[in-house]
Amino acid sequence: MLRLHDTATAQVCPLALRQPGAVSLYVCGPTVYDAPHLGHGRFALVFDVLRRYLIASGLEVTYVSNITDVDDKVIERAHTEGVEPAVLARRYEEVWWTAMDALGVLRPDHVPHATAYVARMVELIAELVARGVAYETPDGVYLSTEAVPGYGLLAHQPLDTLRAGARVETVEAKRSPLDFVLWKKAKPGEPTWPSPWGPGRPGWHTECVVMSLDLLGEGFDVHGGAIDLIFPHHENERAQAVALGRDFAHHWVHNGWVTVAGEKMSKSLGNFTSLDDLLARSDPRAYRLLVVRAHYRSPIEVTPETIRQAESGLARLDELARRFGLADLLATGGPVTSVTGAGEDDLDQAAVARFVERMDDDLDTPAALSGIFELAREANAAADAGHDQPAARAARTAAHLAAVLGLSLRGAQPTVEDPEVLDLMARRDVARAERRFADADALRAELVERGWVVEDAAEGTRVRRP
RNA sequence: GGCGGCGUGGCCGAGUGGUUUAGGCAGGGGCCUGCAAAGCCCCGUACGGCGGUUCGAUUCCGCCCGCCGCCUCCA
């Protein structure tokens, strides 16, 4: 059984399921006001790997991830660009899904949008007011954090220190600096919805409570997101559920930062890096490999150098798939439904067991990945020694386990259509057959110049991209 | 200031109280090859510093140094 770090207890503990055989996950999705950056890519990949692994473990997974399509930033950006907030949100949501598809991230089972849940958020807020834990001010409705038992559970910090750091609000009506806004009363030029407190819009922290409980029900299994969401976002979500007496998430999972040159990547630091840029400049699978080769709670350093290293590793695995003709049995990108495979003899079950053991240990993907590379070496070594059966089994196992992580290896030969290249290849074969090696080398140089790596295979000259 | 994390060989990045090595990338040597490429084999005796616990610590404890994050919208 999978053991996972839980932010609430700060310990690695078995993932206890509400319902045996089924897992419910809620992962905080993006606010769609801009194109996604590397950090968005990481959290999406981390939870995609978790989800895929749970599926491969034989569990029925329900994965919910929201789109925040109304928020200060959306409104602000929409004004800047002179479009309706809804138009802007839709535009960036499309950009989001394009990037997710490129990364091979599975679409969530449910994608709730904040704007579709406003009426239910109003109901929830009204209930909080009725219970006396929320109060109205001239500009909105706030939750009284002091009325919530255990507030600060996720933050792991004494309340007074949180209080000391709380932002200076212009709203003097707030009873405590830690209290947070549930409903924002309308300001001119903003999208609004009706409510008992007049027209306005919901605060950020309410949507996830309403949507997760609606789609997954009380006491759902896992609530995830990046580490920065712990406080205040997840703390505040939890506070609302607790205040209502509803059982909320049982397990909190948070992934670490992406750093650039050792520092947190962020717009304010000016080292912001667009996910689209990365995907355009490198094999999208390289980012998955980079993410998976570090533990999900560790920071990862994304630089041209680390990306290049990941691409080299990927090339090694692709070469394996090519050597063993694995193109046809590689994942289509969909989830692998059984980590042990369909026919047990197909795979090296001892290696699978090691993989499972490592993954079960708080998703130790770096160790799991090292096992895949070891299988690659074993497969090549066995094949070099003429032991075809064990070699093929090791190679299949490597590709299969990579697919469990969502990494599809490319076993297909690149199809060369350029007649010039085909001609150079053919002429080189003739030259080599006639042992005119100087000519053959000159032809190889020409192919290299065109950006190909040239290899001599049994069937003759073979080319691939570096 | 409060809270927390980290510091591993050229780079990335796991892990462990000692008796066997993470793994990848890069580099060196060898095998293979007409030469290469790919692949395989071999190679670096790494764990921030100072003490302590211990028969023995990179791994436990303390202190110090350095780096980073959170406490505020943020993936």
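Values below: every heavy atom of this structure, side chains too, minus hydrogens, waters and symmetry copies. Residue numbers begin at 1 in each chain, while the letters A, B, ... track the order of the sequences.
- Spacing of C1' atoms, B:G48 relative to B:C6, comes out at 11 Å, to the nearest Å.
- Counting any heavy atom pair closer than 4.0 Å across all strands shown, A:Asp441 reaches a base atom.
- Counting any heavy atom pair closer than 4.0 Å across all strands shown, A:Arg323 reaches sugar-phosphate atoms only and no base atom.
- Side-chain to base pairing of A:Glu374 with B:G23: no donor and acceptor N or O lie closer than 3.5 Å to each other.
- A cation-pi arrangement, defined by a distance under 6.0 Å to the six-membered ring centre and an angle within 45 degrees of its axis, is absent between A:Lys174 and A:Tyr142.
- Between A:His223 and A:His234, the side chains place a donor N or O and an acceptor N or O closer than 3.5 Å (distance only, hydrogens not considered).
- Between the side chain of A:Arg444 and the base of B:A36 there is at least one donor-acceptor pair of N/O atoms closer than 3.5 Å.
- Between the side-chain ring of A:Phe437 and the base of B:G34, a stacking contact exists by the 5.5 Å and 30° definition.
- One donor-acceptor pair, N or O on each side, does fall under 3.5 Å between the base of B:C35 and the side chain of A:Asp456.
- Here A:His233 lies out of heavy-atom contact (under 4.0 Å) with every strand.
- Cation-pi check for A:Arg51 over A:Tyr63 is met; the charged atom lies under 6.0 angstrom from the ring centroid and within 45 degrees of its normal.
- Nucleic acid contact class of A:Pro30 (heavy atoms, under 4.0 Å, all strands): none.
- One donor-acceptor pair, N or O on each side, does fall under 3.5 Å between the base of B:C11 and the side chain of A:Gln309.
- A sub-4.0 Å separation between OP1 or OP2 of B:C35 and a side-chain N or O of A:Arg432 is absent.
- Straight-line distance between the C1' atoms of B:U45 and B:C32: roughly 30 Å, to the nearest whole Å.
- In this structure a side-chain-to-backbone donor-acceptor pair under 3.5 Å is present from A:Ser65 to A:Val27.
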Requested in this report: Represent RNA chain B in dot-bracket notation, 5' to 3'. Only Watson-Crick or G-U wobble pairs with both distances under 3.5 Å count; pseudoknot-style crossings use [ ] and interstrand partners use |.
Outcome: (((((((..(((.....[....))).(((((.......)))))....(((((..]....))))))))))))....

